[in-house]
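Any value given below was found using the heavy atoms of this structure, including those in side chains, with hydrogens, waters and symmetry copies removed. Numbers for residues simply follow the sequence, beginning at 1.
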Amino acid sequence: MAFVLPDLPYTKDAFGDILSAETFDYHHGKHHNAYVTKANELVAADPALQGKSLVELIRTTKGALFNQVGQIWNHSFYWLSLSPQKKQPTGTLLNLINEGFGSVDALIEKLKAEAVGHFASGWAALILNEGKLEVTSYHDADTPVAHGHTPLLILDVWEHAYYIDYRNLRPNYADRVLKEAIDWDFVAQNLDGEGVSRADQPG
C-alpha cells in the first residue's frame, strides 16, 4: 500500500487572510504531495521497507527516506493542528498550560519566539515530556516522533508555509496562526498520544 496525500480537514478558503487558498494549493497540493510521491518511490525500490508505516520508517531510517516520511508526518500533523474557528484551551490542557507557562498568552508568546528564532527551515512545537508541557523546535524534516516525544501541536516554519501570504515576515505568520487558528481541541486530544496515530499512515 502506498502512502497518500491526506485530505485537508477544512476547505482551502476557510482561513480567510490568515492562510489563503493559494497557500494551501501550493503547500498541501504541491509541497506535501511531493514528499508523498518521493517517499513512495524510495519505498518501492526496497522490498525491506514495504509495509512499514510512516512512524516505523521515521524511527528506523536516515537520509533521503527519513526526510520524506518525516515531512509527510509533520505536514499531516500540522494540518490537524489548525482550525478555521478560533478556539481556546480548556480542562486539563488549560491547567497544564497555566502550570507550565502561567497563562495561554504566555505560552503563545513562547511558541512564537521559538518559531521566529528557529534558524532556517523547520518546525516549532508544543510537546508533552514526562507529564509537563515543553516548547521546542526541530530542524528541516526532523519530527517529535523520532525522539519519542508526545506532540501536541506543530507549526510549520519552512518558508513555503507563509511566503505567499506574509512574504518574509515569519513573525506575522506565527502571531496570527498561533492566536487565531490553532485547534486547541485537537491539542487536548493529543495529551494521550492520539495525534501520533492520526498523522500516521500504514505502508
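Inter-residue side-chain proximity for Ile72 and Ser76 is flagged as met; some heavy-atom pair is nearer than 4.5 Å. When side chains are defined from C-beta on, Lys179 counts as touching Glu109, because their heavy atoms get closer than 4.5 Å. In this structure the side chain of Val55 reaches within 4.5 angstrom of the side chain of Val145, judged on heavy atoms. Leu49 has its side chain within reach of Leu57: a pair of non-hydrogen atoms, C-beta onward, lies under 4.5 Å apart. A heavy-atom distance below 4.5 Å is not found between the side chains of Pro202 and Lys52. Between Val196 and Pro151, some side-chain heavy-atom pair lies under the 4.5 Å cut-off. A 4.5 Å side-chain heavy-atom check between Gln189 and Arg198 finds at least one atom pair inside the cut-off.
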Pair Ser81-Asp183, side chain to side chain contact (heavy atoms under 4.5 Å, CB included): steps then yes or no: CA-CA 5 Å; Ser81 297; Asp183 189 342; 6.0 Å; no
Check step by step if side chain to side chain contact (heavy atoms under 4.5 Å, CB included) holds for Leu96 and Leu191. CA-CA 10 Å; Leu96 287 170; Leu191 291 171; 3.8 Å; yes
Decide side chain to side chain contact (heavy atoms under 4.5 Å, CB included) for Asp25 and Lys30; before the verdict, give the C-alpha distance in whole Å, the side-chain angles of both, and the deciding distance to 0.1 Å. CA-CA 7 Å; Asp25 282 336; Lys30 298 186 183 298; over 6 Å; no
Given Leu82 and Phe186, is the side chain to side chain contact (heavy atoms under 4.5 Å, CB included) satisfied, shown in steps? CA-CA 9 Å; Leu82 302 178; Phe186 175 72; over 6 Å; no
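Summarising the geometry, atom CG belonging to Leu128 is positioned 10.0 Å from atom CG belonging to Leu93; distances are rounded to the nearest 0.5 Å. Taken to the nearest 0.5 Å, the CD1 atom of Ile97 stands 9.0 Å off from the CD atom of Gln88. Atom CD of Glu130 and atom OG1 of Thr150 lie 10.5 Å apart (nearest 0.5 Å). In this structure, the separation between CG on Leu5 and NE2 on His31 is 13.0 Å, given to the nearest 0.5 Å. Atom CG of Asn33 sits about 14.0 Å away from atom NZ of Lys38, to the nearest 0.5 Å. Note that OG of Ser53 and CG of Asp200 are 4.0 Å apart. Values are rounded to the nearest 0.5 Å.
Cluster annotation: Val187 and Leu8 are assigned to the same hydrophobic cluster (Ile/Leu/Val/Met/Phe/Trp/Tyr, side-chain heavy-atom contacts under 4.5 Å, transitive). In the hydrophobic clustering of this structure, Leu155 does not group with Tyr163; members are Ile, Leu, Val, Met, Phe, Trp, Tyr whose side-chain heavy atoms approach within less than 4.5 Å, directly or through other members. Linking ILVMFWY side-chain heavy atoms closer than 4.5 Å, directly or via other members, places Ile108 and Leu153 in a single hydrophobic cluster. No single ILVMFWY cluster, assembled from side-chain heavy atoms under 4.5 Å apart, contains both Val116 and Leu126.
Side chain of Asn40 to main chain of Phe3: a donor-acceptor pair is present (N/O by atom type, distance under 3.5 Å, no hydrogens or angles). The main-chain N or O of Ala141 is never found under 3.5 Å from a side-chain atom of Asn67 such that the two would form a donor-acceptor pair. No donor-acceptor pair under 3.5 Å is formed between the side chain of Asn129 and the backbone N or O of Glu134. Of the possible donor and acceptor atoms, one in the side chain of Arg170 sits under 3.5 Å from a partner among the backbone N and O of Ala115. No donor-acceptor pair under 3.5 Å is formed between the side chain of Glu180 and the backbone N or O of Val177.
For Tyr166 against Ile18, the heavy-atom pair with the smallest separation is OH-O, 2.7 Å. In terms of heavy atoms, Trp73 sits closest to Thr143 at CE3-OG1, 3.4 Å. Heavy atoms only, all atoms of each residue included: Asn98 and Ser103 are closest at OD1-CA, 3.5 Å. The minimum heavy-atom distance between Phe101 and Leu133, with the atom names listed, is CE1-CB, 3.7 Å. Here the closest heavy-atom approach between residue Tyr173 and residue Leu19 is recorded as CE1-CD2, 4.0 Å. Nearest heavy-atom pair, Asp142 versus Tyr138, reported as atom, atom and distance to 0.1 Å: O-CB, 3.5 Å.
Within a 6.0 Å radius of NZ in Lys110, no more than 12 heavy atoms belonging to other residues, nucleotides or ligands are found. Enclosure of atom CG in Asp7 is not indicated, since only 12 or fewer non-hydrogen atoms of other residues, nucleotides or ligands lie within 6.0 angstrom.
Among the candidates Phe15, Tyr78, Trp158, Tyr35, the single residue satisfying the ring-ring contact (aromatic ring centres under 6.0 Å, His included) test with His27 is Tyr78.
Trp123 and Gln71 form a side-chain donor-acceptor contact under 3.5 Å, judged by distance and modelled atom types alone. A donor-acceptor pair shorter than 3.5 Å can be found between the side chains of Asp156 and His75. Checked by atom type, the side-chain pair Asp165/Ser20 shows a donor-acceptor distance below 3.5 Å.
We find that Asp185 and Lys87 are joined by a salt bridge, their nearest charged nitrogen and carboxylate oxygen being less than 4.0 Å apart. Salt bridge annotation for Asp17-Arg176: present, with a cationic side-chain nitrogen under 4.0 angstrom from a carboxylate oxygen.
His28 and His32 have perpendicular rings, their planes meeting at more than 60° on a 0 to 90° scale where under 30° would count as parallel.
By the ring pair (Phe, Tyr, Trp, His ring centres under 6.0 Å) test, Phe66 is found to be paired with no residue, residues two or more places apart in sequence or in another chain being considered.
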